J.: 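I have a structure here, written as structure tokens, and I will follow up with some questions on it.
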Amino acid sequence: MKVVFMGTPDIAATVLKAIAAKHEVICAYTQPPRPAGKGLKLSPSAVQITAEQLGIPVRCPISLRKPEVQAEFAALKADIGVVCAYGLILPQAVLDAPRLGCLNVHASLLPRWRGAAPIQRAIQAGDAESGITIMQMDAGLDTGDMLLKGVVPITPDTTAGNLHDQLAVLGADLMLKTLAEMPSPTPQPTDGITYADKIRKEEALIDWTKSAMQIERDIRAFNPFPIAYFMHGSERIRVFGAEVEPTRTDAVPGTVLDDRLLIACGGGTALRLTVLQRAGKKIMPAEDLLKGWTLPKGTRLAV
RNA sequence: CGCGGGGUAGAGCAGUCCGGUAGCUUGCCAGGCUCAUAACCUGAAGGUCGGAGGUUCAAAUCCUCCCCCCGCAA
């Protein structure tokens with residue numbers, strides 16, 4: 001099949017690679033290169049890099065609203081559009097242009113977690129499972145009819161990073177299956193709908209008044225981006241791992257309870273930080289960090 | 001020229017401003033001690049101070065160039 005691909009980050013690149021191996025990808029749409037990294041160099045998206053390696057033409061329109069952009073899209077005369085984390089709204093004209101419309105790889109078990117950050121929100125919410133839904137796109141936000149689903153369990157070790165990687169592989173797999181078998185669409189259930197808001201940078205600042213359990217989930221949900229952190233004086237310390245401690249405390253949330261990074265949280269709970277990174281330093285286990293640095297018992301971290 | 005931190009013993013750090021014997025904590029090894037603790041005591045090993053030049057009687061420290069790691073920002 002003649003496929004036009006639309007996507008931007010790693011998960012989309014994985015899907016693109018898989019599809020390109022079995023189908024003719026005639027063009028890849030992705031977000032334009034953005035300044036990133038230490039020199040603020042212009043960096044192409046993961047999809048652009050992959051597409052170029054595969055010799056697939058790349059287009060990076062800022063928006064799909066303009067008639068000429070839509071005309072270019074239609075001129076591809078694709079059989080089908082495959083969309084995965086593209087980051088742009090697809091106008092009806094674009095959705096309708098390919099002969100078979102557009103399919104979307106969405107990283108949740110719809111209708112739960114429609115929207116931008118389904119992977120992270122599922123972990124934060126303490127869901128037992130996540131997954132992939134392949135759907136026929138319509139004009140709504142992740143409201144299209146479902147074609148195929150796959151489930152991935154969320155465990156105490158699940159981070160947004162490793163869940164993302166699993167979902168990328170699963171998503172690629174399911175999309176290939178969908179293209180091969182074209183299963184009949186089922187409408188999404190009308191109950192169980194939730195929305196996964198975009199992750200905002202501010203959310204990464206740890207709020208010690210939350211329960212230890214919630215903070216621990218947040219830490220996993222925000223890894224590898226944007227990474228949960230707290231401030232100690234003017235120093236920013238990022239937290240990559242923590243364990244909920246069974247002890248109860250009546251200390252004010254944010255109070256350091258011992259010399260080994262046990263922090264009082266909301267509701268009398270306590271969280272032990274296990275993997276951290278000081279600004280400019282490497283990520284290290286608490287054990288190593290504490291050899292040359294201390295967060296003294298009794299310190300009150302800002303909440 | 002986006003802003004900034006860092007590279008010193010296996011690990012984590014101090015020392016650099018103000019040049020003069022290579023330090024701390026921890027780990028490892030040996031021994032002792034304890035009902036017990038991330039236990040405690042004693043002793044020992046372990047370092048081309050990221051690299052190359054330069055200045056100097058003398059450089060981890062001052063000057064020049066280079067390599068590598070990381071935070072912010074996006």
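Lettering follows sequence order; numbering is per chain, from 1. These numbers were taken from a predicted model, which means no experiment stands behind them.
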J.: Verify, without hydrogens or angle tests, whether A:Arg220 (side chain) and A:Phe240 (backbone) share a donor-acceptor contact under 3.5 angstrom.
T.: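 Here the side-chain-to-backbone pair does not exist.
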J.: Considering only heavy atoms, which members of residues 254-261 of chain A lie under 4.0 Å from some atom of RNA chain B?
T.: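 Listed by number, they are A:Arg260.
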J.: When rounded to the nearest Å, what value does the distance between C1' atoms of B:G46 and B:G27 take?
T.: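 Result for the C1' pair: 11 Å, nearest Å.
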J.: Could you give the side-chain donor-acceptor pairs of residues 282-303 of chain A under 3.5 Å, partners two or more places apart or in another chain?
T.:
{"from": "A:Asp288", "atom 1": "OD1", "to": "A:Lys291", "atom 2": "NZ", "distance (Å)": "3.3"}
{"from": "A:Thr299", "atom 1": "OG1", "to": "A:Pro296", "atom 2": "O", "distance (Å)": "2.6"}

J.: How far does the C1' atom of B:C28 sit from the matching atom of B:A44, given to the nearest Å?
T.: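 11 Å, rounded to whole Å.
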J.: B:G6 and B:U16: how far apart are their C1' atoms, nearest whole angstrom?
T.: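 About 14 Å, rounded to a whole number of Å.
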J.: Going by number, which of residues 269-278 of chain A have a non-hydrogen atom under 4.0 Å from RNA chain B?
T.: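 The answer is A:Gln277.
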J.: Taking RNA chain B as the partner, which of residues 280-292 of chain A come within under 4.0 angstrom of it by heavy atom?
T.: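 Close to the strand are A:Gly280, A:Lys281, A:Lys282, A:Met284, A:Asp288, A:Leu289, A:Lys291, A:Gly292.
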J.: So, using ring-ring contact (aromatic ring centres under 6.0 Å, His included) as the criterion, who are the partners of A:Phe230 when residues are at least two apart?
T.: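 A:Phe230 satisfies ring-ring contact (aromatic ring centres under 6.0 Å, His included) with A:Trp208 only.
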J.: Looking at A:Glu245 and A:Arg272, does any basic side-chain N land under 4.0 Å from a carboxylate oxygen?
T.: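 Yes, A:Glu245 and A:Arg272 are salt-bridged.
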J.: Hydrophobic cluster mates of A:Leu141, side-chain heavy atoms under 4.5 angstrom, ILVMFWY only, any path?
T.: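 Listed partners: A:Ile193, A:Tyr195.
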J.: Could you give the start and end, 5' to 3', of the contact zone on RNA chain B for chain A, using atoms under 4.0 Å from its heavy atoms?
T.: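 So the outermost contacting nucleotides come out as B:G2 to B:A74.
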J.: What integer number of Å spans the C1' atoms of B:A52 and B:G5?
T.: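 Going atom to atom, C1' in each nucleotide, I get 24 Å.
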J.: Identify every side-chain donor-acceptor pair in residues 166-187 of chain A under 3.5 Å, counting partners at least two apart or on other chains, and give the distances.
T.:
{"from": "A:Gln166", "atom 1": "NE2", "to": "A:Asn162", "atom 2": "O", "distance (Å)": "3.4"}
{"from": "A:Thr178", "atom 1": "OG1", "to": "A:Leu174", "atom 2": "O", "distance (Å)": "2.7"}

J.: Does NZ or CZ of A:Arg236 come closer than 6.0 Å to the centre of the six-membered ring of A:Tyr229, within 45° of the ring's axis?
T.: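 Yes, A:Arg236 lies over the aromatic ring of A:Tyr229.
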J.: Can you tell me how far C1' in B:U21 sits from the matching atom in B:C17, rounded to whole Å?
T.: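 Result for the C1' pair: 22 Å, nearest Å.
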J.: Name all residues meeting the salt bridge (charged side-chain N to carboxylate O under 4.0 Å, His left out) criterion together with A:Glu203; count only those two or more places apart in sequence or in a different chain, and write none if there are none.
T.: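 Once residues adjacent in sequence are excluded, the partners of A:Glu203 under the salt bridge (charged side-chain N to carboxylate O under 4.0 Å, His left out) criterion are A:Arg121, A:Arg200.
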J.: In whole Å, measure the gap between the C1' atoms of B:G15 and B:C24 for me.
T.: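 Those two atoms are separated by 10 Å.
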J.: Quick one: closest heavy-atom pair of A:Leu54 and A:Lys17, and the distance?
T.: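 What the structure gives for the nearest pair is CD1-CA, 4.3 Å.
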J.: Scan residues 231-242 of chain A against RNA chain B and write down, sorted by residue number, each residue with any heavy atom closer than 4.0 Å; if none is found, say none.
T.: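 Going residue by residue through residues 231-242 of chain A, the ones with a heavy atom under 4.0 Å of RNA chain B turn out to be A:Arg236, A:Arg238.
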J.: For B:U48, which nucleotide is its Watson-Crick or G-U wobble mate, given both distances must be under 3.5 Å?
T.: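 Base partner found: none.
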J.: Linking Ile, Leu, Val, Met, Phe, Trp and Tyr through side-chain heavy atoms less than 4.5 Å apart, which residues share a cluster with A:Met6?
T.: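 Members besides A:Met6, by chain and number: A:Val4, A:Ile26, A:Tyr29, A:Leu64, A:Val69, A:Phe73, A:Leu76, A:Val83, A:Tyr86, A:Leu88, A:Leu90, A:Val94, A:Leu95, A:Met137.
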J.: Rounding to the closest angstrom, what is the interatomic distance between B:A74 and B:C67 at atom C1'?
T.: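 Nearest-Å result for B:A74 against B:C67 at atom C1': 26 Å.
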J.: Which residues in residues 41-51 of chain A have at least one heavy atom lying under 4.0 Å from any atom of RNA chain B?
T.: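 When residues 41-51 of chain A is checked for heavy atoms under 4.0 Å from RNA chain B, there are no hits whatsoever.
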